[in-house]
There are 6 protein chains.
Amino acid sequence: MHRDILVRWLDEFLKSREITKQLRDPSLNGLQVEGREQVHKIGAAVDAAQATIDKAREQGVDFMIVHHGLFWGGDMPVVGIHKRRLEALFQGGINLYASHLPLDVHPEVGNNALIAQALGLQNLEPFEVGFIGNLFRPHALSEIGDRLGQITGMQCLIHQGGPNEVTRVAVVSGSASDYVAQAKAAGAELLITGEPKHQNFHPTFELGMNAIYAGHYDTETFGVKALAERIEREFGLPWVFLEHPTGL
Amino acid sequence: MHRDILVRWLDEFLKSREITKQLRDPSLNGLQVEGREQVHKIGAAVDAAQATIDKAREQGVDFMIVHHGLFWGGDMPVVGIHKRRLEALFQGGINLYASHLPLDVHPEVGNNALIAQALGLQNLEPFEVGFIGNLFRPHALSEIGDRLGQITGMQCLIHQGGPNEVTRVAVVSGSASDYVAQAKAAGAELLITGEPKHQNFHPTFELGMNAIYAGHYDTETFGVKALAERIEREFGLPWVFLEHPTGL
Amino acid sequence: MHRDILVRWLDEFLKSREITKQLRDPSLNGLQVEGREQVHKIGAAVDAAQATIDKAREQGVDFMIVHHGLFWGGDMPVVGIHKRRLEALFQGGINLYASHLPLDVHPEVGNNALIAQALGLQNLEPFEVGFIGNLFRPHALSEIGDRLGQITGMQCLIHQGGPNEVTRVAVVSGSASDYVAQAKAAGAELLITGEPKHQNFHPTFELGMNAIYAGHYDTETFGVKALAERIEREFGLPWVFLEHPTGL
Amino acid sequence: MHRDILVRWLDEFLKSREITKQLRDPSLNGLQVEGREQVHKIGAAVDAAQATIDKAREQGVDFMIVHHGLFWGGDMPVVGIHKRRLEALFQGGINLYASHLPLDVHPEVGNNALIAQALGLQNLEPFEVGFIGNLFRPHALSEIGDRLGQITGMQCLIHQGGPNEVTRVAVVSGSASDYVAQAKAAGAELLITGEPKHQNFHPTFELGMNAIYAGHYDTETFGVKALAERIEREFGLPWVFLEHPTGL
Amino acid sequence: MHRDILVRWLDEFLKSREITKQLRDPSLNGLQVEGREQVHKIGAAVDAAQATIDKAREQGVDFMIVHHGLFWGGDMPVVGIHKRRLEALFQGGINLYASHLPLDVHPEVGNNALIAQALGLQNLEPFEVGFIGNLFRPHALSEIGDRLGQITGMQCLIHQGGPNEVTRVAVVSGSASDYVAQAKAAGAELLITGEPKHQNFHPTFELGMNAIYAGHYDTETFGVKALAERIEREFGLPWVFLEHPTGL
Amino acid sequence: MHRDILVRWLDEFLKSREITKQLRDPSLNGLQVEGREQVHKIGAAVDAAQATIDKAREQGVDFMIVHHGLFWGGDMPVVGIHKRRLEALFQGGINLYASHLPLDVHPEVGNNALIAQALGLQNLEPFEVGFIGNLFRPHALSEIGDRLGQITGMQCLIHQGGPNEVTRVAVVSGSASDYVAQAKAAGAELLITGEPKHQNFHPTFELGMNAIYAGHYDTETFGVKALAERIEREFGLPWVFLEHPTGL
């Protein structure tokens with residue numbers, strides 16, 4: 001199909017422009033690099049990096065969808081690793097489409113909606129760039145940690161500053177430990193996010209909160225995969241996942 | 001001794017005002033909370049948190065020196081954990097002195113100068129808020145990792161994107177993985193810092209750089225301890241280290 | 001009653017968050033300092049100062065409501081008079097609730113609505129953070145000054161640059177002489193405010209306007225008193241006024 | 001003499017450009033309104049207002065020097081009182097030269113240097129936009145108030161929060177009660193300024209400081225008069241003082 | 001008629017305040033200089049300059065309407081050419097009313113609506129501060145250039161980077177060559193504006209766009225003339241056009 | 001020679017970093033796009049555009065030096081004409097080095113120093129981003145215009161608002177008509193720049209100033225040519241000029 005039609009569909013489906021502006025997302029969401037006009041195969045990846053671009057070329061991908069793109073505000077000279085990434089995209093004729101916060105908040109294919117759904121959270125409400133909701137009955141923290149480990153394939157880090165069993169859970173993928181107090185104020189007993197930060201260690205315990213860190217990379221594979229699947233359903237384009245975990 | 005004399009000495013020794021302004025440190029460096037007028041015992045801690053304040057009270061500390069204080073810009077209502085921390089300080093009559101970046105850059109008692117010295121780095125030059133220098137001969141990455149593990153007591157995370165053996169090393173304690181490209185540009189083959197970030201994973205490998213993450217907490221115990229020792233030497237005040245590692 | 005219930009009621013009744021944001025009030029409106037959980041007695045004061053806090057403690061107040069609180073934007077170390085005020089609040093277990101502009105603009109318990117009502121102004125419309133309205137017939141300036149003197153108990157300063165008799169009057173408590181031109185443009189012949197400023201002396205006369213200065217303190221006792229009365233009616237809590245005039 | 005020569009001399013003598021930039025003075029210091037090319041008579045005034053401009057015209061002044069000019073940042077349409085002031089200046093062919101902070105800080109003809117000198121303060125050092133210095137022996141507060149009353153001709157307001165007798169005194173003309181804590185920190189027992197503010201009432205008393213308010217207008221007549229005298233000495237031009245006190 | 005009535009009518013008819021704020025127009029739109037109270041004759045001009053003000057005085061104009069007024073943000077001392085312009089306005093008793101962007105976007109008397117209408121563009125939609133629309137059939141570029149030359153009386157500069165014949169045309173008077181990419185994205189094959197800029201030369205050709213430059217002055221005579229005519233129809237006031245082309 | 005050595009030499013020779021920061025140049029001065037490591041042939045151009053890049057490829061250039069590069073602040077997606085320009089550079093292995101204001105102010109190879117020299121201006125002093133100096137005797141305006149026409153090969157536009165003969169001349173290449181008042185204040189009777197703007201038409205005449213517009217493109221060919229020559233002298237690299245005038 002023609003690249004421009006796909007890009008327009010994505011911009012609308014993800015509300016790229018509106019959400020970027022509303023949430024002041026520094027990411028340049030949308031088509032970041034122009035490739036071939038005719039698109040035949042989608043590649044979904046968490047990061048736009050040399051490793052994932054190389055995999056895309058090996059597998060004949062001509063349209064990459066990533067959560068973390070190449071542009072985050074500010075001029076960047078086209079030198080070094082930035083030049084090599086662009087050159088590889090050009091040589092492969094690969095279009096690069098980035099969706100950062102629009103793919104966090106999306107109710108259908110967003111990282112957080114999908115994690116919340118996998119955990120069985122109910123009565124979801126928006127919480128920062130993720131969601132908050134309730135388990136149908138209290139669950140032990142370790143049980144939730146195990147369940148997350150199953151769906152991400154990575155062992156979680158648990159900081160238990162609150163009760164053993166929890167019902168109300170906030171989910172914000174990536175690096176969102178800064179929201180621990182807001183999660184508490186919204187009634188959550190547990191914040192699930194990707195990556196910990198030293199500075200939020202003490203507040204978690206002093207607030208009597210629980211936090212589960214399930215990996216920055218691992219919590220952000222959901223959105224790009226689901227979006228690629230959605231495109232396949234809508235337009236019949238095949239897709240692959242371009243895996244490259246960081247362990248963080 | 002009188003608190004005001006000690007505070008004045010610290011402000012000058014650390015160049016608190018000048019460095020805060022010059023480096024736009026958001027931390028309110030200096031005396032953050034006023035306690036007793038007469039100081040008898042110093043407590044050194046990485047973080048001003050309930051756990052370390054409680055330890056200070058138990059051990060009769062009346063002057064805490066911390067790397068991470070309570071004020072980082074912006075109004076904060078005196079409620080919840082902030083209120084409980086202040087109240088504990090008031091009840092213990094404890095003065096709280098914070099020194100963030102001034103204690104990173106200090107050539108004698110700074111976190112980075114001390115790590116560099118422990119590794120035997122020579123010809124030190126300032127690098128961001130840390131230092132860069134040379135080992136007298138090339139060392140294997142794993143060897144440096146082991147040495148860091150010995151001095152911090154925590155096992156390091158090694159991201160090897162560069163050569164097996166390195167000579168030129170940049171050291172910036174805390175969370176400084178953002179400086180990986182600057183370290184490369186300054187000739188380093190290795191950046192040692194505390195805490196990793198997902199976003200700097202790919203750049204490290206693509207730049208052909210090595211990074212060792214030795215822990216945010218663990219890389220920042222050096223400064224406060226050395227500063228407390230320095231005060232003991234200068235004024236004869238006893239001191240204790242108020243340990244509470246975060247594992248991050 | 002529980003402090004959190006009272007705080008939530010106040011936040012909603014005064015629309016604290018909305019008005020703070022809308023009017024860019026630098027005051028940290030809402031609960032500024034956390035005291036006892038159970039509230040038994042309200043203390044209303046214009047200023048949160050050592051003198052009023054001490055009176056609150058003497059009279060067994062555990063919840064102070066003030067127009068001028070302790071936080072106005074920007075970090076403040078907890079030292080000197082700020083430390084002593086906080087410590088006195090902590091020792092008395094006193095909650096401190098501040099309401100600056102939300103208590104100026106409030107149509108029922110706001111400073112300006114109450115002054116306007118006491119003067120018999122009709123057809124009130126919002127004017128800056130106060131109100132503008134009409135006397136049912138023209139009144140001599142001196143007559144209005146006398147009436148204000150009766151209700152505040154302080155002699156007013158009158159700057160007569162306009163007609164002897166006035167009908168349309170703007171009321172903005174505190175220090176609002178900067179609005180003299182806006183009051184003229186809105187059809188007023190008289191601006192009533194609290195505190196004069198040298199810089200607005202000439203404009204008042206050149207615009208042909210009248211101004212009555214009834215005292216910063218004296219024009220701002222109305223709101224906190226009325227709010228305390230309202231709480232008594234709603235929740236049955238007794239209250240006292242913590243008087244400490246400044247003469248300004 | 002030619003206006004441009006006088007303007008250039010004033011700009012240099014007062015260091016208008018440098019001080020405006022350094023102190024971020026919002027006043028447009030320098031020649032604000034161009035009048036006749038040949039200057040014959042200077043008029044000194046605190047404020048550029050209709051009353052003082054009219055007096056200047058009556059007395060044949062063609063070069064006004066004022067502390068408070070017409071421009072303070074931001075566009076202003078030439079309507080109403082602003083239009084009438086400009087038109088009166090044009091019709092009188094009067095040049096208008098404004099000097100705000102440059103005339104506060106000036107060591108020879110500045111408002112503060114002159115007040116300090118009249119009080120006999122010694123070892124003057126710069127303090128904010130004024131000076132701080134010592135009386136040769138302690139003086140009673142009331143004695144200083146009386147002395148100020150004699151030199152300004154206006155009765156002072158005294159806020160005594162500190163000792164009865166003082167030695168070290170800070171002087172900042174105009175509306176500078178915000179500096180009461182800085183004055184204390186600089187060792188002063190008394191701050192002399194022009195105009196009080198409600199918000200600095202409690203801090204004065206709680207800091208144990210004394211404040212004397214000698215009038216905004218009255219503390220700022222010194223500079224423009226001394227500057228006019230200086231011009232007379234330098235260039236032989238006659239001058240008059242265009243008096244119009246505000247009582248504030 | 002009374003000046004204030006005319007000013008109020010203009011402010012409302014042009015939505016001066018709303019549009020200034022919405023489009024962040026640096027121009028101080030509205031009455032910039034106050035003249036006589038009774039208005040008898042309108043003068044329309046593109047620029048408020050000595051030449052047009054002098055013509056206004058010669059022709060007995062007491063109310064000038066201009067597209068480019070005297071105030072564009074920031075303080076300006078009343079000296080040199082600014083002083084002479086103001087003095088001439090004062091001496092002529094001339095009111096000066098400025099309307100920058102409100103007179104570009106206006107659907108009835110706006111520069112762009114009138115140019116679009118003269119070219120026969122249909123289905124007009126707003127485009128930046130102008131309009132975009134369609135010719136009822138494709139026209140040769142040179143034909144459109146000739147037509148523009150007829151209505152402005154100035155020969156146009158044509159940069160042909162696109163097709164020989166065009167249907168969809170964007171019109172933005174003044175200096176708007178920066179919008180060439182936006183015009184392309186909105187489907188236009190031609191951007192008509194006033195003044196070229198070197199920096200937009202290459203983009204025009206590389207985008208495959210056409211641009212016609214019909215003169216900054218010449219494209220902005222339409223609005224002020226139409227507005228003056230409208231006033232004549234509404235209030236019966238006579239008007240003249242104060243011509244002074246710049247050739248740019 | 002190695003690209004990095006040439007880049008480092010250029011950065012130092014032009015003081016790229018210092019001048020960019022000091023003059024807040026929005027241009028990303030320095031190496032903007034990385035090409036081949038080994039440099040054999042320099043191409044000098046005013047603009048980095050498709051036309052000049054294509055010429056560079058045809059002529060075997062592998063290092064372009066331009067006054068106007070591709071990056072001017074702010075993120076730009078790599079699409080459309082920006083993508084095509086980068087791709088052409090990549091395919092040609094061409095390095096792109098940009099120097100905006102550093103090449104305007106340079107005393108040896110700067111646009112303005114060279115124009116000033118060609119006109120025989122003496123006692124040059126910096127003026128904005130150009131120079132001001134004196135002809136050894138008064139010259140007629142038309143004579144200077146003719147001389148400029150000879151050295152640029154383009155006919156100049158002359159706006160004569162001042163004397164027929166001039167001695168003191170300010171030169172600022174590109175689009176610098178905004179500096180006409182500053183040039184007057186610095187004693188110049190003539191401002192030479194590249195591109196006119198409608199908004200500076202009236203001020204030029206009212207100030208009694210002369211302006212000669214010698215073309216934005218044409219006044220900015222000097223610097224890149226001289227810089228390329230300098231490189232040839234220093235390193236023996238051949239160079240070509242990539243001509244593409246805009247007529248503006």
Side-chain angles (χ1 to χ4, degrees), chain D residues 2-8 10-11 16-17 20-21 24-37 39 48 50 53 57 62-66 68-100, chain E residues 2-8 10-11 16-17 20-21 24-37 39 48 50 53 57 62-66 68-100:
Chain D
H2 196 287
R3 169 236 298 141
D4 292 352
I5 294 170
L6 180 53
V7 166
R8 213 165 307 135
L10 281 164
D11 285 349
S16 278
R17 214 149 313 174
T20 302
K21 199 174 164 189
R24 301 186 188 189
D25 192 352
S27 167
L28 187 67
N29 295 315
L31 184 68
Q32 291 199 340
V33 180
E34 197 178 281
R36 259 183 234 121
E37 285 204 355
V39 175
Q50 198 63 47
I53 296 169
R57 291 181 68 189
D62 43 25
F63 197 100
M64 279 179 78
I65 290 173
V66 295
H68 302 124
L70 299 178
F71 299 101
W72 296 90
D75 259 354
M76 229 185 346
V78 180
V79 302
I81 67 173
H82 182 48
K83 199 266 168 119
R84 288 196 291 275
R85 290 169 173 185
L86 282 178
E87 196 164 33
L89 287 167
F90 286 11
Q91 286 169 349
I94 302 171
N95 294 282
L96 178 71
Y97 189 95
S99 188
H100 185 229
Chain E
H2 196 286
R3 169 237 297 142
D4 291 352
I5 293 171
L6 180 54
V7 167
R8 213 166 305 134
L10 282 165
D11 285 349
S16 278
R17 215 150 313 174
T20 303
K21 199 174 163 188
R24 300 185 189 192
D25 192 351
S27 167
L28 187 67
N29 295 315
L31 185 67
Q32 289 199 342
V33 180
E34 197 179 280
R36 262 184 229 118
E37 286 204 354
V39 175
Q50 198 64 45
I53 296 169
R57 291 181 67 189
D62 44 25
F63 197 100
M64 279 179 79
I65 291 174
V66 295
H68 303 125
L70 299 178
F71 298 101
W72 297 90
D75 258 354
M76 229 184 346
V78 179
V79 302
I81 66 173
H82 183 47
K83 198 268 168 115
R84 289 196 291 274
R85 290 169 174 185
L86 282 179
E87 195 165 34
L89 288 168
F90 286 10
Q91 285 169 348
I94 303 172
N95 294 281
L96 178 72
Y97 189 95
S99 188
H100 185 229

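In the text below, chain A, chain B and the rest are named by the order of the sequence lines, each starting its count at 1. Since the model is a prediction, treat every value here as computed from it, not as a measurement.
Here the closest heavy-atom approach between residue Trp72(E) and residue Asp75(D) is recorded as N-OD2, 3.5 Å. Considering every non-hydrogen atom in both Glu34(D) and Lys83(E), the closest pair reads O-NZ, 2.7 Å. Shortest non-hydrogen contact noted between Val78(E) and Phe90(D) is CG1-CZ, 3.6 Å.
Residue Leu86(E) touches chain D through both its backbone and its side chain, counting heavy-atom pairs closer than 4.5 Å. Contacts between Glu87(E) and chain D at a heavy-atom distance below 4.5 Å involve backbone atoms as well as side-chain atoms.
When the options Val33(E), Leu31(E), Leu28(E) are evaluated for a side chain to side chain contact (heavy atoms under 4.5 Å, CB included) with Pro77(D), the one that passes is Leu28(E).
By number of non-hydrogen pairs under 4.5 angstrom with chain D, the leading residue of Gly35(E), Gly30(E), Gly80(E) is Gly80(E).
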